[in-house]
J.: 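The following block contains the structure, expressed as structure tokens.
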Amino acid sequence: MATRQKSRVNPLLIVLLSFVCILLIGFGILLFLYSANTTSPTNTTVDPAAQIRSIFRVEGLDPNAKSGTMPGAPENETSPGDGMFSYRINATPQFQQDGADGNIWVQNPAFNDYLMVLEIADENGELLYQSQYIAPNQYIERIDLLLVPPPGTYQMVAYINAVEPRSLDLIDTLECPLTITIQ
């Protein structure tokens with residue numbers, strides 16, 4: 001009759017395997033915390049282009065556009081509906097006498113599906129300003145006019161152009177009346 005032998009596991013092996021497991025768990029926690037920190041929209045070390053979805057990273061993005069939510073705008077707003085295009089703009093911008101430093105505050109909200117181009121024209125249709133592409137989740141605080149009328153208050157029109165990001169085709173143009181003051 002065979003006797004059963006009792007097998008003993010080396011205690012050193014148990015300690016070594018436990019230590020390896022603890023190291024792996026700690027490494028996993030560090031990776032999780034690092035990835036959660038780098039994708040946070042409040043992290044200021046994130047590249048601004050990383051806050052723009054890849055489909056909107058096209059050549060010709062406006063260098064004056066800043067990524068993120070415009071100051072004073074709601075942080076987590078939702079789209080007004082499928083196929084809808086939304087924007088924000090200061091309807092009464094003021095400019096210096098030379099047409100510089102106008103507080104336009106124009107935004108392409110993050111939920112939009114199109115690039116945006118801003119054009120400002122006078123009552124004769126003469127173009128005073130044209131932006132480059134503004135991606136969703138971008139805004140422009142201040143602009144300089146290309147053509148400057150004499151000091152005074154003028155009625156102008158802002159043309160908000162919605163542009164398809166893949167083909168760069170114009171989808172639609174919205175008009176917004178502006179009252180521009182040249183100081």
Side-chain angles (χ1 to χ4, degrees), residues 38 40-80 84-165 168-183:
T38 58
S40 170
T42 59
N43 186 352
T44 58
T45 62
V46 175
D47 179 19
Q51 295 181 2
I52 301 172
R53 291 181 289 177
S54 62
I55 190 172
F56 299 112
R57 292 185 201 151
V58 298
E59 187 174 328
L61 284 177
D62 198 304
N64 296 321
K66 297 179 182 181
S67 294
T69 304
M70 186 168 68
E75 286 287 326
N76 296 322
E77 66 183 326
T78 58
S79 173
M84 301 293 288
F85 183 79
S86 183
Y87 65 92
R88 280 195 178 75
I89 190 168
N90 177 10
T92 58
Q94 296 182 0
F95 292 84
Q96 301 298 321
Q97 188 173 0
D98 61 356
D101 204 32
N103 58 341
I104 196 68
W105 290 101
V106 63
Q107 178 189 22
N108 188 354
F111 56 76
N112 276 340
D113 293 327
Y114 301 108
L115 294 166
M116 182 172 91
V117 174
L118 169 67
E119 296 175 325
I120 299 175
D122 64 13
E123 67 276 353
N124 299 324
E126 194 163 7
L127 193 63
L128 293 134
Y129 174 80
Q130 182 177 19
S131 74
Q132 294 180 22
Y133 297 118
I134 304 168
N137 197 35
Q138 284 193 315
Y139 66 94
I140 296 177
E141 291 180 38
R142 300 193 164 285
I143 62 170
D144 297 337
L145 296 177
L146 302 172
L147 296 174
V148 185
T153 301
Y154 300 91
Q155 296 301 313
M156 305 277 179
V157 177
Y159 296 99
I160 311 294
N161 300 297
V163 177
E164 208 305 303
L168 301 180
D169 290 336
L170 178 65
I171 300 298
D172 199 4
T173 300
L174 305 169
E175 294 182 15
C176 178
L178 296 180
T179 303
I180 290 182
T181 302
I182 307 293
Q183 300 175 346

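Counting begins at 1 with the first residue of the sequence.
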J.: Below 3.5 Å, can you tabulate the donor-acceptor pairs from side chains in residues 110-121 to any protein atom, sequence neighbours excluded?
T.:
{"from": "Asn112", "atom 1": "OD1", "to": "Ser86", "atom 2": "N", "distance (Å)": "3.1"}
{"from": "Asn112", "atom 1": "ND2", "to": "Ser86", "atom 2": "O", "distance (Å)": "2.5"}
{"from": "Asn112", "atom 1": "ND2", "to": "Asn108", "atom 2": "OD1", "distance (Å)": "2.6"}
{"from": "Glu119", "atom 1": "OE1", "to": "Asn161", "atom 2": "ND2", "distance (Å)": "3.3"}
{"from": "Glu119", "atom 1": "OE2", "to": "Gln130", "atom 2": "NE2", "distance (Å)": "3.0"}

J.: What are the two closest heavy atoms between Ile140 and Arg142, and how far apart are they?
T.: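 Taking Ile140 first and Arg142 second, the nearest heavy atoms are CG2-O, 3.5 Å.
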J.: Find out whether Pro165 and Tyr133 are in side-chain contact, i.e. whether some heavy atom of one side chain is under 4.5 Å from a heavy atom of the other.
T.: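 Sidechains of Tyr133 and Pro165: no contact.
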J.: In sequence, state the C-alpha distance, the side-chain angles, and the governing distance for Thr179 and Thr153, and then conclude on side chain to side chain contact (heavy atoms under 4.5 Å, CB included).
T.: CA-CA 7 Å; Thr179 303; Thr153 301; 3.4 Å; yes
J.: Provide the closest heavy-atom pair for Tyr139 versus Ser67 in the form atom of the first, atom of the second, distance.
T.: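 Residues Tyr139 and Ser67, closest heavy atoms: CE2-O, 4.4 Å.
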J.: To the nearest 0.5 Å, what is the distance between OG1 (Thr92) and CD1 (Ile89)?
T.: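 Here the rounded value is 10.5 Å.
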J.: Got Pro149 and Leu128 here, is their nearest side-chain heavy-atom distance under 4.5 Å?
T.: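 Heavy-atom side-chain distance check passes, below 4.5 Å.
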J.: Glu123 vs Gln155, test: side chain to side chain contact (heavy atoms under 4.5 Å, CB included). Steps then yes/no.
T.: CA-CA 7 Å; Glu123 67 276 353; Gln155 296 301 313; 5.7 Å; no
J.: Of the non-hydrogen atoms in Tyr87 and Pro109, which two are nearest, and what is the gap between them?
T.: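 Answer, listing the atom of Tyr87 first, then Pro109: CA-CD, 3.9 Å.
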J.: Kindly say whether Ile134 contributes a backbone atom to a donor-acceptor pair with the side chain of Asp62 at under 3.5 angstrom?
T.: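 No; judged by distance alone, with no hydrogens or angles, the pair does not exist.
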J.: Between Asp122 and Tyr154, does the side chain to side chain contact (heavy atoms under 4.5 Å, CB included) criterion hold? Intermediate values first, please.
T.: CA-CA 8 Å; Asp122 64 13; Tyr154 300 91; over 6 Å; no
J.: Is the CD atom of Gln183 crowded by more than 12 outside heavy atoms at less than 6.0 Å?
T.: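 Counting other residues, nucleotides and ligands, CD of Gln183 exceeds 12 neighbours.
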J.: At their closest point, which heavy atom of Ile104 faces which heavy atom of Pro93, and how far apart are they?
T.: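 So the two residues come closest at CD1-CG, 3.9 Å.
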J.: Mind listing the closest non-hydrogen atom pair of Arg88 and Met70 along with its distance?
T.: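 Here Arg88 and Met70 meet closest at CD-CE, 3.7 Å.
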J.: First locate atom CG of Asn90, then atom CD of Gln107, and finally report the distance between them rounded to the nearest 0.5 Å.
T.: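 Taking CG in Asn90 and CD in Gln107, the distance rounds to 13.0 Å.
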J.: Applying salt bridge (Lys or Arg N to Asp or Glu O under 4.0 Å), name anything that partners Glu126, two or more places apart in sequence or on another chain.
T.: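 With sequence neighbours excluded, Glu126 shows a salt bridge (Lys or Arg N to Asp or Glu O under 4.0 Å) to no residue whatsoever.
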J.: Atom CG of Asp101 and atom CZ of Phe95: how far apart are they, to the nearest 0.5 Å?
T.: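 Nearest 0.5 Å value for the CG-CZ distance: 9.0 Å.
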J.: For the residue pair Val148 and Asp98, what are the closest heavy atoms and their distance?
T.: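 Minimum heavy-atom contact is CG2-O, 3.2 Å.
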J.: Kindly determine whether Ser131 and Ile143 satisfy side chain to side chain contact (heavy atoms under 4.5 Å, CB included), including the steps that lead there.
T.: CA-CA 9 Å; Ser131 74; Ile143 62 170; over 6 Å; no
J.: What is the distance from atom OH of Tyr129 to atom CG of Leu145, rounded to the nearest 0.5 Å?
T.: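 The distance works out to 9.5 Å.
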